[in-house]
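Residue numbering restarts at 1 for every chain, and letters A, B, ... go by the order of the sequence lines. Quick caveat, the model's predicted, so the values are computed rather than measured.
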Amino acid sequence: MTALSGFLLSQWYDLRDLGNPVRALIDWINGWGDGTTFHWVGYIVAGLIGAAAIGLFLGIAMLSLIWIERKAVSRIQIRYGPNRTGPFGLLQPVADALKLMQKEALTPLAGDKIVFWLAPVVIFIPTLLVFGVLPFGPKMTAANISVAVLYIVAIGSATPLVIFMAGWSSNNKYSLLGAMRGIAMAISYEIPMVLSLLGVVLFTGHMDLNGIVQWQQKYHVWLIVLQPLAALTYFISASAELNRTPTDIAEAESEIVAGYHTEYSGMKFGLFYAVELGNALAVSGIWATLFFGGWWLFGLDRWIPAWLIFLGKMYILYGALIITRGTLPRLRIDQLLDFAWKFLLPLALVNVLVVALEVTIWQENGISAGIVLPVFAVVNILLSVVLVVGYVQSFGFARRQRPRRARLITDTLAAMPQ
Amino acid sequence: MTIQTEPFIVNIGPQHPSTHGVFRMRVVLDGEKIIDADMVVGYLHRSLEKLAEERTYTQNIPFTDRMDYLSAMSNNLGYCMAVEKLAGIRVPERGQYLRVIMAELQRIANHSMAIGTFINDCGAWQTPLMWMFAEREKILDLFEMTCGARLTCNYMRIGGVAFDIPDEFLPAVNGLLDDLPRKIDEYEKMLMENEILIARARGVGTIPRDLAISASLTGPMIRGCGIPFDIRKADPYAVYDRFDFAIPVGENGDSYDRFLVRMAELRESVKILKQAVPALPGGPYKVDVPLSIRPPIGDAYARVESPKGELGYYIVSDGGTAPYRFHVRAPSYINLSVLREMVIGASVADSIVSLGSIDIVIGEVDR
Amino acid sequence: MSGVGPVSAFYVLAVLSIGSALMVMAARSIIHAVLFLVLFFVSLAAMFVLLSADFVAVAQLLVYAGAIGVLVVFAILLTPSREQRGMETKFVGPGLLAGAVVAGTVIFIAFNTNWPTASNDFPSTVDAIGQALLNRWALPFEIASVLLIAAMIGAIVIVGGRGVDLDPGAAGPSARLVRRER
Amino acid sequence: MVSLEHFLVVGAVLFGIGLWIALSKRNAVLILMGIEIMLNAVNLTLVAFSRFVKSDTPIAGHVFVIFIITVAAAEASVALAMVVSVYRNRGTIDVDQIDLLRF
């Protein structure tokens with residue numbers, strides 16, 4: 001067995017880690033000449049391969065997501081969804097893309113043309129950059145940086161500015177309204193997002209995503225069990241920044257037409273659409289990494305390729321986003337901001353406090369993880385249930401509305417108000 | 001300290017996803033707050049009332065289909081009633097019952113659509129709209145079965161209805177009536193207790209009761225304010241006085257109340273249908289009326305409770321084959337007149353919810 | 001620091017940062033100035049990465065490119081400037097002179113000082129900065145937190161409890177289209 | 001070969017540009033942007049020192065930069081709040097017009 005695994009595994013053809021062939025290639029390049037001269041070639045080739053891999057993955061993922069999303073949402077809406085182009089409508093995304101490319105790309109006459117053209121291009125950058133740090137496998141990170149969690153937040157904070165560029169340069173009032181709404185929302189939701197990530201960083205003591213996955217592997221637990229509150233606040237606040245339906249006030253279709261991309265047509269609109277999908281996938285990827293064990297699946301990752309596990313988790317969690325999109329109506333902007341400041345922020349703060357307390361207890365007393373983690377899990381789950389249910393019970397909207405049904409009147413004359 | 005802000009004007013419509021057609025609302029915004037609003041209608045004006053003066057009374061029936069194209073049956077009914085009143089024609093029992101059945105089916109179809117689009121305006125991503133469409137489809141299938149058309153039915157005739165129902169109609173209606181209450185339960189569970197919907201619609205677009213009366217609102221708009229005004233009870237026509245049904249009313253007169261009233265009216269319509277279908281009498285469905293009818297000189301006003309409110313037809317006859325004057329009291333148009341009071345001071349998002357809760361059809365507003 | 005990669009990266013970033021800083025000065029519209037400012041912040045963050053200061057780079061992105069950039073945009077939209085021309089005062093010439101003198105002095109000093117050089121390459125700056133902040137510089141750290149709270153309260157008080165009135169339409173290109181009502 | 005002096009030159013030039021903007025612009029927001037450029041130039045210098053200069057606690061440069069970023073954030077928020085407030089009271093943010101030293 002050991003001989004067999006030695007023969008089969010950790011070679012360039014070991015597909016459990018797609019980094020293996022790349023490493024073999026780079027090693028071969030580095031071996032040119034006397035073994036040191038051509039390192040810069042390897043450097044550049046490695047970078048190019050990483051960028052190409054992310055670009056290719058994102059392209060394929062976006063095409064697949066268009067189909068999945070349209071199909072899933074149409075199932076929610078008792079429709080068939082795309083079913084004419086190709087088997088099961090599988091070619092629909094390609095048809096969509098072709099159609100968008102053929103359309104005329106309009107530029108508003110009174111707008112700021114350079115910024116208008118720049119915005120859909122620039123908005124792609126944060127999405128690409130986030131995928132650069134996601135660990136697809138134990139050694140499959142395009143750029144393994146030590147401050148990855150903070151990096152993700154920092155990259156994400158650049159998006160509202162691009163939204164503003166798009167909205168301002170269109171010289172359209174709907175666009176500007178959408179851009180302002182988008183910025184206000186992004187600022188508000190960044191704070192609970194950072195705080196919920198802070199809880200994870202505090203608990204695991206790691207700021208790089210691979211380290212967090214390995215922590216979960218070491219203690220054999222998913223972090224969502226230990227930090228349900230952080231998972232909830234992160235999911236809500238991150239999906240709020242995605243501009244998808246329950247929180248899509250920046251492009252609220254029924255109110256401000258299409259928000260910041262009202263004036264965009266053709267492939268420029270397509271880029272915004274693709275970025276929306278890519279960001280949603282990135283959020284589900286981060287969620288999977290931080291709270292659902294990333295590429296690790298209770299030892300199964302030794303047999304199934306780790307990147308397949310990660311992709312599976314990412315797509316399953318993307319399903320949560322599709323369901324929220326298909327089922328919930330949109331909130332008003334003031335209600336959304338209220339929600340961020342009055343619900344998510346206190347919850348995230350409580351989470352940070354509790355986590356800090358627990359880590360202190362754990363580290364100071366040197367209790368073994370086997371005892372302490374189950375206790376923490378039970379305490380945290382109970383705490384989060386109590387907090388969320390208590391909040392909804394005491395401040396929810398449903399409390400305040402009295403007649404759940406319309407009053408039925410048979411004798412109209414007697415009931416007529418005087 | 002006065003804050004200097006510059007108001008700016010936004011045209012909501014005529015091309016806007018949620019103005020339900022080519023309605024234009026010219027609002028003056030201060031940030032997101034609406035400080036002034038102008039309603040501009042007339043983009044779909046086809047001068048139906050003038051055209052009707054050139055055609056015979058029977059030829060005018062298709063015009064009424066095209067006003068409120070979401071409830072063509074009710075529109076036909078009101079017009080035919082006005083002409084019958086003018087000419088003194090009595091409709092046979094079976095015809096009356098068929099008219100009531102069709103009008104109530106139409107009410108369910110229209111309210112499904114109204115609720116669906118209202119929730120779409122509240123920001124749902126089309127799911128409730130599609131669910132509601134599924135119900136409306138079944139009713140449109142019934143219409144198709146009866147008169148061959150789904151939207152512009154042109155089914156009512158002066159003196160009765162155009163055709164008798166086919167044999168498979170009554171079983172289909174009964175199946176639908178068995179199915180509908182369960183579906184309505186499902187929708188109530190899905191929509192009425194939805195916190196986001198409550199948060200969006202509660203207290204939005206509130207109409208005070210006295211304003212509702214002085215603006216002569218009708219239909220779910222006035223019933224949402226708590227006034228049980230319904231032509232079916234107040235001035236019963238056809239055979240409505242034989243059925244037992246209730247008038248649902250709201251309490252505060254806000255958008256959510258109007259939505260509740262529409263939901264409850266779905267149930268009441270089912271109740272009427274359940275009484276009307278078994279009681280459908282035999283006999284003729286139509287009396288014979290000459291194709292170019294010449295009513296005596298005079299005028300007549302007939303009104304029905306269309307799904308949107310009081311739909312009235314005023315016809316003046318000079319003894320010829322065409323009406324001398326033809327006027328429609330369109331509920332969408334009159335209900336729309338309070339929109340300005342509803343949206344001033346509200347935000348853009350709320351104004352869209354208010355507009356959606358009125359349930360206008362531009363074809364009826366502009367005629 | 002040597003090798004093809006870092007050296008070329010340095011020159012590219014130097015040109016980028018200085019160029020974008022100059023464009024802040026030269027930009028016609030104030031929104032363009034903000035966008036160039038953000039480009040400047042980003043290129044400086046890349047410069048920090050080149051200096052293997054990962055944490056500082058990310059903090060730079062987060063605070064400057066994210067927060068302050070958005071803040072400046074907000075301030076611009078809240079205070080619509082009527083005229084886009086004549087943005088410079090009469091101090092353009094003296095200002096350039098002052099800037100050149102200061103920069104020249106610093107460059108002169110930089111080249112005429114015998115710096116005790118070493119190559120401090122921190123493998124992971126987060127740990128080290130965390131330790132330093134909470135041990136040796138714990139007091140300044142606390143003071144900084146107090147400062148932030150004071151700034152927050154101060155900003156809220158200055159802007160006033162009357163609520164912020166956004167006036168997006170009056171800024172940017174659409175300012176020309178605004179018509180006064182009433 | 002890139003050495004400390006290279007970074008110092010870039011920092012000095014950036015500082016000069018920031019000073020130029022701060023001195024010559026009429027709009028208060030632009031002046032603020034000049035000040036931010038100056039602060040950033042200083043940050044670059046500090047990080048470069050921390051990377052290249054021999055010291056017992058080389059991390060001090062990074063810590064100093066963190067504090068500067070903190071102060072800059074506080075400064076920017078208060079300054080922009082003041083700009084907004086001044087605009088509301090005076091209807092202008094032209095620094096030539098704001099010379100009363102009072103609201």
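- Applying the ring-ring contact (aromatic ring centres under 6.0 Å, His included) rule to Phe41(C) yields the partners Tyr64(C); only residues at least two apart in sequence or on another chain are considered.
- Nearest heavy-atom pair across Leu71(C) and Ser77(D) is CD2-CA, 3.6 Å.
- Contact count versus chain D (heavy atoms, under 4.5 Å) is highest, among Ala151(C), Gly154(C), Ala144(C), for Ala151(C).
- In terms of heavy-atom pairs under 4.5 angstrom with chain D, the leader among Ala132(C), Ser145(C), Ala103(C) is Ala103(C).
- Heavy-atom minimum distance, Met47(C) versus Leu44(D): CG-CD1, 3.4 Å.
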Donor-acceptor contacts under 3.5 Å from residues 7-18 of chain C side chains, at least two apart:
{"residue": "Ser8(C)", "atom": "OG", "partner": "Val4(C)", "partner atom": "O", "Å": "2.8"}
{"residue": "Ser8(C)", "atom": "OG", "partner": "Gly5(C)", "partner atom": "O", "Å": "2.9"}
{"residue": "Tyr11(C)", "atom": "OH", "partner": "His6(D)", "partner atom": "NE2", "Å": "3.3"}
{"residue": "Ser17(C)", "atom": "OG", "partner": "Leu13(C)", "partner atom": "O", "Å": "3.0"}
{"residue": "Ser17(C)", "atom": "OG", "partner": "Ala14(C)", "partner atom": "O", "Å": "3.1"}

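- Counting heavy atoms from C-beta outward, Val9(D) and Phe111(C) have side chains that approach closer than 4.5 Å.
- Heavy atoms closer than 4.5 Å to chain D are found in the side chain of Leu37(C), but not in its backbone.
- Contacts between Ala110(C) and chain D at a heavy-atom distance below 4.5 Å involve backbone atoms as well as side-chain atoms.
- Note that CZ of Phe141(C) is 7.5 Å distant from CZ of Phe67(D), once rounded to the nearest 0.5 Å.
- Contact count against chain C (heavy-atom pairs under 4.5 Å) is highest for Leu4(D) among Leu32(D), Val65(D), Leu4(D), Leu39(D).
- For Val47(D), the parts lying under 4.5 angstrom from a heavy atom of chain C are both the backbone and the side chain.
- Ranked by non-hydrogen atom pairs under 4.5 Å with chain C, the options Asn43(D), Thr45(D), Val71(D) are led by Asn43(D).
- Here the shortest heavy-atom pairing between Met33(D) and Val72(C) reads SD-CG1, 4.0 Å.
- Comparing Asn40(D), Val13(D), Val78(D) by how many heavy-atom pairs each has under 4.5 Å with chain C, the most go to Asn40(D).
- The two residues Ala72(D) and Ile68(C) make their nearest non-hydrogen contact at O-CD1, 4.0 Å.
- Ranked by heavy-atom pairs under 4.5 Å with chain D, the first of Val102(C), Val34(C), Leu96(C) is Leu96(C).
- For the set Val106(C), Leu44(C), Leu97(C), the entry with the most heavy-atom pairs within less than 4.5 Å of chain D is Leu44(C).
- If you measure heavy-atom distances from Gln131(C) to chain D, you find no contacts under 4.5 Å at all.
- Considering every non-hydrogen atom in both Ile17(D) and Ala21(C), the closest pair reads CG2-O, 3.7 Å.
- With rounding to the nearest 0.5 Å, the separation of CZ in Phe15(D) from CD1 in Ile107(C) is 12.5 Å.
- Gly95(C) and Trp20(D) make their closest contact through C-CD1, 3.3 Å (heavy atoms, listed as atom of the first residue, atom of the second, distance).
- Residue Leu14(D) touches chain C through its side chain alone, counting heavy-atom pairs closer than 4.5 Å.
- Of the inter-residue distances, the one linking Ile143(C) atom CD1 with Thr70(D) atom OG1 reads 12.0 Å to the nearest 0.5 angstrom.
- Interface check for chain C: of the options Gly61(D), Gly18(D), Ala79(D), Ala76(D), the most heavy-atom pairs under 4.5 Å are formed by Ala76(D).
- Of the two parts of Ile66(D), only the side chain, counted from C-beta on, holds a non-hydrogen atom closer than 4.5 Å to a non-hydrogen atom of chain C.
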